[in-house]
**Student:** 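What follows is a single structure, and I will ask about it in a moment.
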Amino acid sequence: MIDYHLHGNFCGHGSGRLEEYVLAAIDRGLSEIGFSAHLPKVVDPDPYHAMLEDDLPRYVKTVRSLQDEYGTRIKIKLGIEADYFEGFEEKTRALLSAHPFDYVIGSIHFLGDWHFTSRAGLAQYGREDPNEAFPRYFELLRKMISTGLFDIVGHPDAIRRSYFVPTIPLEGEYRATAELIEQKGMSAEVNTAGLRRDAGSIYPAHEFLSVLVAEGVPLTIGSDAHRPDDVGRDFDSALSELKRFGVERVAVYERRKRSLVPLEPSG
Ligand SMILES: [Zn+2]
Ligand SMILES: [Zn+2]
């Protein structure tokens with residue numbers, strides 16, 4: 001299997017050297033991995049959320065040297081996870097084009113000042129209205145997709161928590177988002193961190209995934225590991241979910257070109 005969402009100690013909220021992730025992946029029998037450290041924030045740089053700009057060349061170099069050292073045992077891709085901040089598209093584009101990334105995951109972690117994916121942002125869930133937050137999240141997500149800056153939509157419904165359930169239907173949001181992903185030639189990520197972040201299931205929700213699959217959107221799989229122990233975490237759940245939808249191939253990337261490979265390589 002392939003894990004395209006690995007972090008590490010380049011950001012303040014991750015731990016473990018990247019090499020430890022490679023060793024964990026080899027140990028778990030993964031055929032391919034991709035590092036996707038948080039791209040430096042283009043607004044209010046914050047080393048807890050993401051490495052600072054000066055560290056980006058060292059990140060690229062570290063992944064390159066791991067490719068050299070472990071390339072015969074496992075495929076290692078140079079990816080990055082970029083936040084989308086409206087109005088800062090050019091700065092984001094400049095950072096992304098400065099290095100030969102294999103893929104770029106585009107993700108929403110902030111709604112205004114609310115960093116909902118962070119530990120500090122958890123308390124605010126109690127003060128927010130899901131019927132207002134979900135549409136706002138999906139609107140921003142579609143703006144992100146429309147920019148054409150990114151290859152993969154990271155944890156597509158990251159706003160979701162088991163205790164934060166809208167009463168309005170989300171079918172329209174799911175459909176409009178899936179159509180746009182397809183139109184833009186992007187992929188969507190199946191991210192097992194939903195299980196660890198109290199979303200009640202992997203991201204995206206079963207109903208959302210069914211719309212993505214029906215729309216023909218290619219998928220990648222990621223654990224969103226922020227420590228070596230989480231590499232390939234809960235991939236059996238992701239696999240059985242994908243099999244229920246008859247998904248047989250997943251997307252892989254090289255220098256931002258996509259191809260599809262069998263979900264479970266034979267032999
Ligand atoms: Zn992170
Ligand atoms: Zn993320």
Side-chain angles (χ1 to χ4, degrees), residues 3-18 20-21 24 33-53 55-56 59 62-63 77-85 92 95-96 101 103-111 114-122 125 133 137-138 140-141 143-145 147 149-161 164 177 181 186-199 201-205 208 219-234 238 253:
D3 190 341
Y4 258 18
H5 200 139
L6 303 179
H7 289 275
N9 59 7
F10 275 82
C11 62
H13 65 282
S15 65
R17 289 177 299 111
L18 304 195
E20 296 175 66
Y21 290 72
I33 55 170
F35 285 101
S36 57
H38 293 282
L39 185 77
K41 271 184 88 193
V42 292
V43 187
D44 303 329
D46 171 9
Y48 182 75
H49 178 64
M51 69 181 109
L52 300 176
E53 235 180 286
D55 275 335
L56 195 52
Y59 167 68
T62 304
V63 175
K77 295 291 171 64
L78 173 66
I80 198 90
E81 181 181 26
D83 283 284
Y84 170 59
F85 293 109
T92 305
L95 273 183
L96 292 176
F101 294 114
Y103 59 86
V104 178
I105 299 177
S107 295
I108 304 290
H109 301 109
F110 299 85
L111 273 185
W114 181 23
H115 187 183
F116 58 87
T117 54
S118 76
R119 214 158 282 171
L122 278 182
Y125 269 99
Y137 170 85
F138 278 104
L140 188 60
L141 192 70
K143 277 188 185 163
M144 177 190 93
I145 296 161
T147 64
L149 284 169
F150 315 102
D151 304 309
I152 301 163
V153 179
H155 38 63
D157 54 355
I159 187 82
R160 191 163 51 88
R161 295 290 179 274
F164 193 67
T177 304
I181 296 173
M186 293 177 71
S187 307
E189 179 191 54
V190 170
N191 183 310
T192 58
L195 294 164
R196 311 196 295 281
R197 293 184 193 157
D198 205 4
S201 73
I202 58 175
Y203 300 120
F208 191 6
L219 303 167
T220 62
I221 306 172
S223 64
D224 217 338
H226 282 71
R227 48 184 200 138
D229 208 33
D230 283 340
V231 174
R233 189 64 166 264
D234 294 315
Y253 284 85

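As the structure lists them, so they are numbered: ligands from 1, and atoms in each ligand from 1.
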**Student:** Just wondering, is there an N, O or S atom on His5 that's nearer than 2.8 Å to the Zn ion (ligand 2)?
**Tutor:** no
**Student:** Excluding sequence neighbours, so at least two apart, what forms salt bridge (Lys or Arg N to Asp or Glu O under 4.0 Å) with Asp230?
**Tutor:** Arg196, Arg227, Arg233
**Student:** Listing by chain and number, which protein N, O or S atoms are under 2.8 Å from the Zn ion (ligand 1)?
**Tutor:** His13 NE2, His38 NE2, His226 NE2
**Student:** Test of understanding: with ring-ring contact (aromatic ring centres under 6.0 Å, His included), list the residues that count as partners of Phe110, not counting sequence neighbours.
**Tutor:** His49, Phe85, His115
**Student:** Excluding sequence neighbours, so at least two apart, what forms salt bridge (Lys or Arg N to Asp or Glu O under 4.0 Å) with Asp198?
**Tutor:** none
**Student:** Mind telling me whether Phe116 and Trp114 have parallel, tilted or perpendicular rings, with 30° and 60° as the class edges?
**Tutor:** perpendicular
**Student:** What do you reckon, are the aromatic ring centroids of Phe138 and Phe208 less than 6.0 Å apart?
**Tutor:** yes
**Student:** Please determine which of Thr220, Leu78, Asp151, Ile80 meets the side chain to side chain contact (heavy atoms under 4.5 Å, CB included) test together with Tyr103.
**Tutor:** Asp151
